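Structure, as structure tokens:
Note on naming: letters A, B, ... go to the chains in the order of the sequence lines (proteins, then strands), and numbering restarts at 1 for each one. Everything quoted here is computed from the prediction, not taken from an experiment. What's counted below: heavy atoms across the whole structure, side chains too, no hydrogens, waters or symmetry copies.
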There are 2 protein chains.
Amino acid sequence: MDQNKIPQATAKRLPLYYRFLNNLQMQGKTRVSSKELSDAVKVDSATIRRDFSYFGALGKKGYGYNVEYLLGFFRKTLDQDEITDVALIGVGNLGTAFLHYNFMKNNNTKIKIAFDADDNKVGQTIGGVPIYHINELEERLDDVKVAILTIPAMEADRVTERLVAQGIKGILNFTPARITVPDDIRVHHIDLAVELQALVYFLKHYPLEKTELYSE
Amino acid sequence: MDQNKIPQATAKRLPLYYRFLNNLQMQGKTRVSSKELSDAVKVDSATIRRDFSYFGALGKKGYGYNVEYLLGFFRKTLDQDEITDVALIGVGNLGTAFLHYNFMKNNNTKIKIAFDADDNKVGQTIGGVPIYHINELEERLDDVKVAILTIPAMEADRVTERLVAQGIKGILNFTPARITVPDDIRVHHIDLAVELQALVYFLKHYPLEKTELYSE
DNA sequence: AAGGTAGTGTGAGTGTTTTCACAATTTTGC
DNA sequence: GCAAAATTGTGAAAACACTCACACTACCTT
Ligand SMILES: NC(=O)c1ccc[n+]([C@@H]2O[C@H](COP(=O)([O-])OP(=O)(O)OC[C@H]3O[C@@H](n4cnc5c(N)ncnc54)[C@H](O)[C@@H]3O)[C@@H](O)[C@H]2O)c1
Ligand SMILES: NC(=O)c1ccc[n+]([C@@H]2O[C@H](COP(=O)([O-])OP(=O)(O)OC[C@H]3O[C@@H](n4cnc5c(N)ncnc54)[C@H](O)[C@@H]3O)[C@@H](O)[C@H]2O)c1
């Protein structure tokens, strides 16, 4: 839809910039430099300028960026105006935490509906989100296009297939299973155990001196 | 300590390989090819071979890799023999989920101790992990070197400072705050709201046809 | 209204990661 | 015991990402 000239790495940082700009605005700041932004979000200032430059000249030389303007620009770019509905599959430990949180603080996504296989959970409402039985997936999902997967790894492939059949286009997968999907479905894996192990590995094997290695 | 010739990107994939090899072994498989691994973990087979090659020649041409041998090798490389103790700070929605889970299924990390500021939580034990008051951090932390941060963003910087003062070397930060640390402390951010927003952004703005874009 | 200052936008350079593609080698089946 | 099949390990190329460094310009101060 847009020019997909924007590098993947840049796209991943946009939500971060957006959130920080929001904070700035709430604090009443009207201008900001790439240097200040850099200190706050821990991304090199040249990288920030480069990132912004993919969208054109948003700043002013010798001045910096106008917070209001930049924010307005990103709001449009990130489609912050329309809310994207999300379905959550699996109301266990993690799923429940997400329902309570619900990603609504300056965010454009909202968990609208949840599913679980456990009859004790079905019928409840957590954080304002109704929980239905997974058997009702096909009739209840409507046209939700994004799903968060927090079910046991064993179930992941089977449920994924059903989600895809219902027209889901994006999946945020918290299970350790690397799920298989058609090419036009986007899956982001967040594998918390791997993240923790990787952190430990880096601590043990990498020179822990100078040059903080940025977050991801 | 080790030769840090291994690329960052490779290091992040190691735990993933390790876990999958474990599964294979439990299924009784004795050999595996980079192609099979590729299908399972969704990483290009050439990338897998390259990754392995940093550790020397682990496979045999025309045959593949011996699961037992490879697993043994990674066990040593990833220090799976010794368990790394972890502290969890903030026993709220997310923190509680982590305590219940505790990363112990084929993993080398264990949450050993938790802290919270809420007196109602202090004194409890969740998933076998005792919860102490954050005021006791300095006396109770012992020589734990890794912390998981699941407190409100507002508190992040203040608590981080205390953690660093106590000798913490690695932080897995789930708060949206980009915390500031000395250069020799490693921080990995996992920003769930950003992940979700980025997924939505990709769905809307990137050609959703062919070529699945790899996870992480 | 002019000179100093701050700070962008970007060309060019560097570093990192992925992918291609194939010679080398072992296994497998006959 | 030989030919075909399988699959590694890696040089080389391509793709991607980050950073340097500076010309340029808008703002600010006096
Ligand atoms: N909790 C953590 O800290 C943590 C950490 C890392 C990874 N994970 C992964 O996240 C996933 C969820 O973890 P959890 O701790 O929340 O597990 P959990 O067991 O607490 O929750 C799983 C939920 O899914 C439901 N469920 C089971 N089968 C289902 C199905 N077919 N359809 C719909 N719902 C179904 C269960 O009823 C349960 O409520 C797991 O794959 C786990 O490996 C969790
Ligand atoms: N829950 C989610 O799904 C989710 C999603 C994205 C991001 N996050 C982030 O993760 C963090 C935790 O989220 P949550 O939902 O678990 O919040 P929460 O409010 O449920 O839990 C926070 C816990 O930290 C404790 N706490 C507060 N100040 C403390 C201090 N100084 N020291 C020790 N403990 C302290 C509180 O008592 C509470 O138990 C937040 O920063 C949140 O923005 C959460």
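- Inter-residue side-chain proximity for B:Y17 and B:V43 is flagged as met; some heavy-atom pair is nearer than 4.5 Å.
- Residues A:V91 and A:F115 form no side-chain contact, since every pair of their non-hydrogen atoms from C-beta on lies 4.5 Å or further apart.
- Going from atom CD of A:Q8 over to atom C1' of C:dT16 covers 16 Å, rounded to whole Å.
- Side-chain N/O atoms of B:Q25 and B:E68 include a donor and acceptor closer than 3.5 Å.
- In the helix from C:dA1-D:dT30 to C:dC30-D:dG1, the end axes, each obtained as the rotation axis mapping the C1' atoms of four pairs onto the next four within a five-pair block, lie 30° apart to the nearest 10 degrees.
- A:Y101 and B:N93 form no side-chain donor-acceptor contact under 3.5 Å, judged by distance and modelled atom types alone.
- One interatomic measurement links the two molecules: CG of A:D44 to C1' of C:dT14, which rounds to 14 Å at whole-angstrom precision.
- The distance between atom OH of A:Y54 and atom P of D:dC16, rounded to the nearest whole Å, is 11 Å.
- Here the C1' atom of nucleotide D:dG9 and the CZ atom of B:F52 are 13 Å apart, to the nearest Å.
- At least one side-chain heavy atom of A:R49 sits under 4.5 Å from a side-chain heavy atom of A:Y65.
- The existence of a salt bridge linking A:D81 and A:K76 is excluded, since no basic side-chain nitrogen approaches an acidic carboxylate oxygen closer than 4.0 Å.
- The OH-P distance, from A:Y206 to C:dT16, rounds to 11 Å in whole Å.
- In summary, B:E161 and B:R158 do not engage in a salt bridge, as defined by a charged side-chain N under 4.0 Å from a carboxylate O.
- In this structure, B:I48 and B:F52 have side chains that are in contact, with non-hydrogen atoms separated by less than 4.5 Å.
- Phosphate contact (OP1/OP2 of D:dT19, side-chain N/O of A:T47, threshold under 4.0 Å): present.
- Comparing C:dT17, D:dG9, D:dT19 by their nearest atom to the side chain of B:P7 picks out C:dT17.
- Side-chain contact between B:I179 and B:V159: absent, with no pair of heavy atoms (C-beta onward) separated by less than 4.5 Å.
- Under the 3.5 Å distance criterion, with hydrogens and angles disregarded, no donor-acceptor pair is assigned to the side chains of B:T84 and B:N108.
- The base of D:dT19 is paired with the side chain of A:R50 by a donor and an acceptor separated by under 3.5 Å.
- Contacts of residues 57-69 of chain B with DNA chain D (heavy atom under 4.0 Å): B:A57, B:L58, B:G59, B:K60, B:K61, B:G62, B:Y63, B:G64, B:Y65.
- The nearest whole Å value for the distance from the CD1 atom in B:I48 to the C1' atom in D:dT10 is 16 Å.
- Here the P atom of nucleotide C:dC20 and the CZ atom of B:R49 are 11 Å apart, to the nearest Å.
- Each of C:dT17, D:dC18, C:dT18 was ranked by its minimum atom distance to the side chain of B:R13; first place goes to C:dT18.
- Atom CD of A:E36 is separated from atom C1' of C:dT8 by 14 Å (rounded to the nearest Å).
- Tested against A:R178, the residues A:D157, A:N173, A:D191 include a single side-chain hydrogen bond (donor to acceptor under 3.5 Å, both in side chains) partner, A:D191.
- Looking at residues 27-35 of chain B, you'll see B:R31 sit with a heavy atom under 4.0 Å from some atom of DNA chain C.
- A side-chain donor-acceptor contact under 3.5 Å links A:T150 to the backbone of A:G90.
- Taking the side chain of A:S53 as heavy atoms from C-beta on, and the options C:dT10, C:dT19, D:dA17, the nearest nucleotide is C:dT10.
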